[in-house]
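Heads up: the structure comes next, in structure tokens.
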Amino acid sequence: MASNWLLLRCKCGQSFGARQGTQASCSRCGESSQFTTTAVFTDPAKLTEAVANANLPSEISQEIEAKLNEKKRKQLKTCLLYTSDAADE
């Protein structure tokens, strides 16, 4: 049975994740009752990314997103080059 993972937002502004059905507490202030569920995920890796994005300061979010997109583009290009080389052999 797959678990659901919750993206939670505390009253202090911190976002964090927890497995559904467990007692969660804020990683910043320790609050364990006053937070809201922002999203639900079935993949903990997706939750990890969502927590990071939720806690990213808005002032730098576009810059970080651009750098991540560039990194993904380079990784795809490298992967395609290796695939092409392997096909040639």
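Scanning for side chain to side chain donor-acceptor pair (under 3.5 Å) contacts around Glu59 gives an empty result, with sequence neighbours left out. Leu56 is linked by a side chain to side chain contact (heavy atoms under 4.5 Å, CB included) to Ile60, Ser61, Ile64, counting only residues two or more places apart in sequence or in another chain. Taking the salt bridge (charged side-chain N to carboxylate O under 4.0 Å, His left out) definition, one finds that Lys46 meets it with nothing, sequence neighbours left out. Residues passing the side chain to side chain contact (heavy atoms under 4.5 Å, CB included) test with Thr48, sequence neighbours excluded: none. Ser32 meets the side chain to side chain contact (heavy atoms under 4.5 Å, CB included) test with Gln23, Ser25; sequence neighbours excluded. Every side chain to side chain donor-acceptor pair (under 3.5 Å) that Glu31 has, sequence neighbours left out, goes to Ser33.
Residue pairs meeting the ring-ring contact (aromatic ring centres under 6.0 Å, His included) criterion with at least one member in residues 38-69, sequence neighbours excluded, do not occur. A ring-ring contact (aromatic ring centres under 6.0 Å, His included) check over residues 51-77, counting only residues at least two apart or in different chains, returns nothing.
Around the CD atom of Gln75, the shell of radius 6.0 Å holds more than 12 heavy atoms that belong to other residues, nucleotides or ligands.
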Kindly list each side-chain donor-acceptor pair under 3.5 angstrom involving residues 10-22, sequence neighbours excluded, with atom names and distances?
from, atom 1, to, atom 2, distance (Å)
Lys11, NZ, Gln34, OE1, 3.3
Gln14, OE1, Arg28, NH2, 3.0
Ser15, OG, Arg9, NH1, 2.7
Gln20, OE1, Asn4, ND2, 3.0
Thr22, OG1, Arg19, O, 2.7

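The shortest distance between side-chain heavy atoms of Glu49 and Asn53 falls below 4.5 Å.
Leu8 and Leu47 fall into different hydrophobic clusters, where Ile, Leu, Val, Met, Phe, Trp and Tyr side chains are chained together by heavy-atom contacts under 4.5 Å.
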